[in-house]
Amino acid sequence: MRQVVQDVEALVTDLESGWNRKTLRFAGIASAGANVIRSLALWVCAGVVATFASAPASVWAQQSPTAGDVRVQHDPPRDFQPPEQVLAKANAAYESGRFADAVDAYRRAEALGVRNGPLYYNMGNAHYKNGDLALAIAAYRRAERLIPRDPLLRANLDFVLSQREDKAVQAPVPWPLSWARQLFRWLSLNEWVLVTTALYGVVCVLALFVVLGRRRRLPLRVALYTTLALFLLSTTTLAYKIHDERNVERGVVTAERISVMSGPGQDYTVEFWLHTGTEVEVEVRRPDWLRIALGNELRGWIPASAVVDI
C-alpha cells in the first residue's frame, strides 16, 4: 500500500510539472489545482489503508476463497426420481395390491411437491386398503379441500366415515344454514378467489358504465347494486374460507381407543373416550398434549401422538 501512495504522489508531481511547463501564465492555478488533487489522492489512499488495516481477518478470508471454499454444483443423486415416475410406481404398487408400498410412494411424491386432489384421493384409497382408517379419512379431507365436487371422493369419504365407531356429535343445522354450508363447501379456496376476483371486475365495469352512460342508467344501477351485493357476499365467504382452512386446526384420532382427560396429563380425570377415525378440532397445542373439541360441548386433552393433522 505504501508503494501505491508513492506512485500516486509521483503521478501528481509529474502532472504539476507538466502544467507548469505549458505556460507561466497559469502557474499559480496549476499549482493550486495540483495541491488539491494531491490532498484528495492522499486522503483516499489513507482511507483505503485504514479500511484494510481495521478489517478483521475473517472478512478477507471470506472475500478471498481458497480452493476448499469453491462451490461445485453436483449432479442429482443417482437414485433421484422425478415426481412422475414416483407417482407411476405408486399407482403400480396400488394396482398390484402392495398398499404399504403405494402409501410410501405417494408420500415421496408429496415430499417432491405434488400436492393436489388426485394425489390425496389415491393416498386415501391406499391407506384404507392398508387398514389405516384414520389416515384414510385425513387424506380424503385434504383432497376435499382441493376437489370438493369429485363424486368418487365424496362416495369414498362417506363410506369411510360410516366405518367409524364414534358418530358425529354436531347438532342438526337448520335448512338455510345447511344450504349456505353446502354452498360454502361446494367451491374450493382457489375457486372462491376466482369468483371474488371476477365479481370485483364486473362491479368496476358496471360502475364505469353508470358514471359515463347517459341512457339506461336505471338497469345499469340495478345490475351494479346486485353485483355489488354478490361481491360482498363472496368476499365474506372467502374470508371465512381462508380462516377455516388456514387458522382452524383439525385432526383425526389414530388410536383405537383413547381416554380424553380433563387436563394435560395422565393424572387428571377421564372425561370420555374416543376411537379411531374421530375428527376433532385442536384448540390448544402443547409439546405432548392437545386440547381438542367435538362440537360445542365436548372438550378435553389427549396425547399429541394419538392425532394426525388434516
### Query
Do the charged groups of R250 and D244 touch, with an N to O distance under 4.0 Å?
yes

### Query
If you measure from CD1 on I302 to OG1 on T278, what distance do you get to the nearest 0.5 Å?
9.0 Å

### Message
If you define the side chain from C-beta out and look only at heavy atoms, does anything of Y94 sit under 4.5 Å from V103?
### Response
no

### Message
My understanding is that only residues two or more places apart in sequence, or in another chain, count here; which of them pass salt bridge (charged side-chain N to carboxylate O under 4.0 Å, His left out) with D132?
### Response
none

### Message
With a 4.5 Å cut-off on side-chain heavy-atom distances among I, L, V, M, F, W and Y, is there a chain of contacts connecting V252 to I258?
### Response
no

### ring-ring contact (aromatic ring centres under 6.0 Å, His included) contacts in which one or both residues fall within residues 289-310, not counting sequence neighbours
none

### Task
Give the minimum heavy-atom separation between L146 and R115, together with the two atoms involved.
CD1-O, 4.0 Å

### Message
For a 4.5 angstrom cut-off between non-hydrogen side-chain atoms, does L224 reach L220?
### Response
no

### Query
If you measure from CG on L233 to CG on L238, what distance do you get to the nearest 0.5 Å?
11.0 Å

### Query
Say you draw a straight line from CG of L135 to CG of N130; how long is it, rounded to the nearest 0.5 Å?
9.0 Å

### Task
Tell me, please, which residues at least two apart from Q85 pass side-chain hydrogen bond (donor to acceptor under 3.5 Å, both in side chains).
none

### Inter-residue atom distance L228.CG - L199.CG, 0.5 Å rounding
10.0 Å

### Task
Check the hydrophobic clustering (I, L, V, M, F, W, Y; side-chain heavy atoms under 4.5 Å; chains of links allowed) and say if V282 and V308 are grouped together.
no

### Message
I'd like to check the side-chain hydrogen bond (donor to acceptor under 3.5 Å, both in side chains) partners of R149; sequence neighbours left out, ordered by chain and number.
### Response
E191

### Backbone of W273 reached by a side-chain donor or acceptor of S259 within 3.5 Å
no

#### Entry: Cluster check L232, I242: I/L/V/M/F/W/Y, side chain < 4.5 angstrom
yes

### Task
Compute whether any side-chain donor of one residue and acceptor of the other, for Y106 and N91, lie under 3.5 angstrom apart.
yes

### Query
Taking all atoms of both residues into account, what is the closest heavy-atom pair of S234 and V195, and its distance?
OG-CG1, 3.9 Å

### Query
Does the pair K241 and L187 meet the rule for a side chain to side chain contact (heavy atoms under 4.5 Å, CB included), with working shown?
CA-CA 10 Å; K241 188 85 171 177; L187 297 177; over 6 Å; no

### Message
According to a hydrophobic-cluster definition based on side-chain heavy atoms being under 4.5 Å apart (Ile, Leu, Val, Met, Phe, Trp, Tyr only), do V280 and V248 belong together?
### Response
no

### Message
Quick check: do I310 and E279 have side-chain heavy atoms less than 4.5 Å from each other?
### Response
yes

### Nearest atoms (heavy-atom pairs only) where F272 meets R299
CE2-O, 3.6 Å

### Query
Is I137 close to H127 at the side-chain level, that is, under 4.5 Å between some pair of heavy atoms?
no

#### Entry: Residues, nucleotides or ligands: over 12 heavy atoms within 6.0 Å of E256 CD
no

### Side chains of T196 and T235, donor plus acceptor under 3.5 Å
no

### Query
Are F159 and M123 co-members of a hydrophobic cluster defined by side-chain heavy atoms under 4.5 Å apart?
no

### Query
Below 4.0 angstrom, N of the basic side chain to O of the carboxylate: do D158 and R154 qualify?
yes

## Note on the structure
All heavy atoms of P148 vs all of S188, minimum pair found to be CG-N, 3.7 Å

#### Entry: Partner residues of R107 under the side-chain hydrogen bond (donor to acceptor under 3.5 Å, both in side chains) criterion, sequence neighbours left out
none

### Query
Taking the six-membered ring for Trp, is the centroid-to-centroid distance between Y140 and Y128 below 6.0 Å?
no

### Query
In Å and rounded to the nearest 0.5 Å, what is the NZ to CD distance from K89 to E84?
13.0 Å

### Query
Using 4.0 Å as the upper bound for N to carboxylate O, is an ion pair formed by E165 and R257?
no

### Task
Answer whether the closest heavy-atom distance between the side chains of E249 and L290 falls below 4.5 Å.
no

### Task
Report yes or no: does T226 contribute a side-chain atom to a donor-acceptor pair with the main-chain N or O of A223 at less than 3.5 Å?
no

### Query
Which atom pair, heavy atoms only, marks the closest approach of G277 to R164?
O-CD, 2.8 Å

### Task
Hey, could you give me each pair passing ring-ring contact (aromatic ring centres under 6.0 Å, His included) that has a residue in residues 218-246? Not counting sequence neighbours.
F184-Y240, Y200-F231

### Query
CG/N247 to CD/E245 distance, rounded to the nearest 0.5 angstrom?
11.0 Å

### Query
Does a donor on one side chain and an acceptor on the other come within less than 3.5 Å for Y120 and E144?
no

### Message
side chain to side chain contact (heavy atoms under 4.5 Å, CB included) for D267 and M261? Distances and angles first, verdict last.
### Response
CA-CA 8 Å; D267 297 333; M261 316 300 292; over 6 Å; no

### Query
Are V160 and N156 side-chain neighbours, meaning at least one heavy-atom pair lies under 4.5 Å?
no

### Task
Examine distances only and state if a side-chain atom of T269 and a backbone atom of S262 form a donor-acceptor pair shorter than 3.5 Å.
no

### Summary
Smallest heavy-atom separation, A109 atom then L87 atom, equals CB-CD2, 3.7 Å

### Task
Step by step, work out the side chain to side chain contact (heavy atoms under 4.5 Å, CB included) result for I292 and L274.
CA-CA 11 Å; I292 54 94; L274 293 177; 4.0 Å; yes

